[in-house]
Amino acid sequence: MRRILITSALPYINGVKHLGNLVGSMLPADVYARFQRSLGHDTLFVCATDEHGTPAELAALEAGQEVATYCAEQHEIQKRLGEGFGFSWDWFGRSSSEENRTLTQEFARALWRNGYLEVRTTRQVYSHADKRFLPDRYVIGTCPHCGYERARGDQCENCTRVLDPTDLISPRSALSGSAEIEIRDSAHLFLRQSAFVSRLREWIDTHALDWSPLVLSIARKWLDEGLQDRGITRDLQWGVPVPEDIAEGKLSGKVFYVWFDAPIEYIGATHEWANASSNRRWKDWWFGAAAQDVRYVQFMGKDNVPFHTVGFPVTIMGSEQPWKLADQIKGFNWLNYYGGKFSTSAKRGVFMDAALEILPADYWRYYLMANAPEGADSNFTWEHFASVVNKDLADVLGNFVNRILKFTHARFDGRVPDEGVYGADEHAVAEELSVRVNQYTNYLEAMEFRKATAELRAIWVAGNEYLTKAAPWTHIKHDRARAAAAVRMGLNLVHIFAHYAWPFIPNAARIIHNAIQPSPEVIPWPDGDMGQALNQLEPGLKVTVPEVLFSKIGDEQIEAWKARFGGE
RNA sequence: GGCAGCGUAGCUCAGUGGUAGAGCAGGGGAAUCAUAAUCCCUUGGUCGGGGGUUCAAAUCCCUCCGCUGCUACCA
């Protein structure tokens, strides 16, 4: 049995995620995890909330809560929404967990021992009014190059020049607006990424043929431009504390930077998963010989690619311990909303909670994966969404299921008929489907989700074509046996459609499956022989007609949602 | 500014050297089991502009135009 380890980029704790966040990480990871389980492989799919850092502290402040309380609440919200979308996590952890704290500190100790961490003194902006150090972007002032008055300390939005907060003229806090700030020297740990350029390049080159151009080009760009050492600690309260035994306690009271501990939480979440039950061995998925046969696949948006091709691998390589590196990194572009970005502050676009409020998860899952931003950024519009949902889900799939089941009830007492034998039409559809299913399986294996959904749709279309050709409603008038064979085939088609659709639309797939017969927890992938797969239902089996599977989206709804969600 | 990606039918996209494709939308027809759902046929593109390499270019090279993203302390 193959073993597959799947992680998706960790959603940041700060607020509900939008559809663009979903489609690039958690959703494709879930589809892939379901597919691998369906094939019968030993699959572990973990995710977590990424909880540390300044934005979390500030969001808690704004909510008037302790940051730990805030994170605990937000974690529950994100967990519930993820479950609402049908994410089949084996574990949804927290980067603030005990397990991750221990692991993060252990990684840091190993890096320190191996000489890959060094202490450097940096100049940090401290705000008296806010009683805290400010990250560069939270310092604003006048740009020394162009005179723009609201330049951020990391970069001037007006002239796009990269800045240092100490460059700014009349700097002030972006939080309080206070100019009572000072530059303080502060010691920080730097990860010597520069020492790993050749090892990283070697690793990346071994994947020159199996990683996408998007991922490879981002990874190589960072190496080509000269990898800089990176500060991995911050002057904050909320985070994994730097242990006292590193650098003789010089970093006492500081925490690790969120981008250091967040990817380690992939391992941490696995540890949490194991701690939640006996007989689970977390290290067998990650470490040494026991994890040798594990294939590790990561899903993420393109913004996260550098951290997974450079930052996290350096942490692992620098530990000089046999932790697992990713075998496959699947990166996605952005999903836009009417040509612009999804925006929390502008209330523009659709967020997970609102999405589930207006339509069931499967509608979103199917549409988003069918239009996943794989090759380029893609675009969400309500018009397109409605046309895809109405045509593919309601008309092509939903109506197919409905028409054959209703006919079975009208003419065959709601049972799988036992009369008649399969003829040329039945053999033809079995043959077509064996080709298409093979393609579909290959696309999923290759994580080409747009092509996979197009093929899945073509499989449903083949069912409609067959039924039109076999026309049991015509034959029933003079040749009941022939009509019976067609109905039997139709029901078998419904049955396997439920199986193949399960990774994308798990809820609808289960309803369809249950209309024929009770479904197992994991709906298995029918194996190769299509002739057999399409002749497996026992004659006499009672089938039921489910409620309408997918209702159509009307023009009034499109207009209402455009108004509500800020589409033009 | 640098780097990367994109520009193919009205729309969303596939196609990376060998006679331009799919889905949707549009037009015509068949069928009447079904959520007026399905099936068949079909209209439609000088593949962003220009130049070059080649027997052959959407595909390779150069150049121009347009759009988007990234640019290291927002994640």
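FYI, side chains are in, hydrogens and waters are out, and symmetry mates aren't considered; it's all heavy atoms of this structure. From a predicted model like this one, the values you see are computed outputs, not experimental measurements.
Taking atom P in both B:A72 and B:A9, one finds a spacing of 36 Å when rounded to whole Å. Nucleotides B:G17 and B:C61 have their C1' atoms positioned 13 Å apart, rounded to a whole Å. Taking atom P on both nucleotides, B:C24 is separated from B:A20 by 24 Å, rounded to a whole Å. With both ends at atom C1', the span from B:G7 to B:U43 equals 25 Å, rounded to whole Å.
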Quick test: give all pairs of protein nitrogen or oxygen and nucleotides 40-45 of chain B nitrogen or oxygen below 3.5 Å, distance rounded to 0.1 Å.
unit_1	atom_1	unit_2	atom_2	d
B:C40	OP1	A:Glu465	OE2	3.3

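Residue A:Asp50 is classed as a sugar-phosphate contact, given heavy-atom separations below 4.0 Å to backbone atoms only. Among the atoms of the strands shown, none is found under 4.0 Å from any heavy atom of A:Leu405. Across all strands, A:Lys469 comes closer than 4.0 Å to no nucleic acid atom at all (heavy-atom distances).
Separating the NZ atom of A:Lys391 from the P atom of B:U35 is a distance of 16 Å, rounded to the nearest angstrom. For the pair A:Asn333 CG and B:C6 P, the computed distance is 9 Å after rounding to whole Å.
At the phosphate of B:A37, OP1 or OP2 sits under 4.0 Å from a side-chain N or O atom of A:Lys552. For A:Arg457, a side-chain nitrogen or oxygen approaches OP1 or OP2 of B:C24 to under 4.0 Å.
Considering only side-chain atoms of A:Leu467, the nucleotide from B:A72, B:C33, B:A14 that sits closest is B:C33.
Applying the 5.5 angstrom centroid cut-off and the 30 degree plane-angle cut-off, the aromatic ring of A:Phe407 is not stacked upon the base of B:C33.
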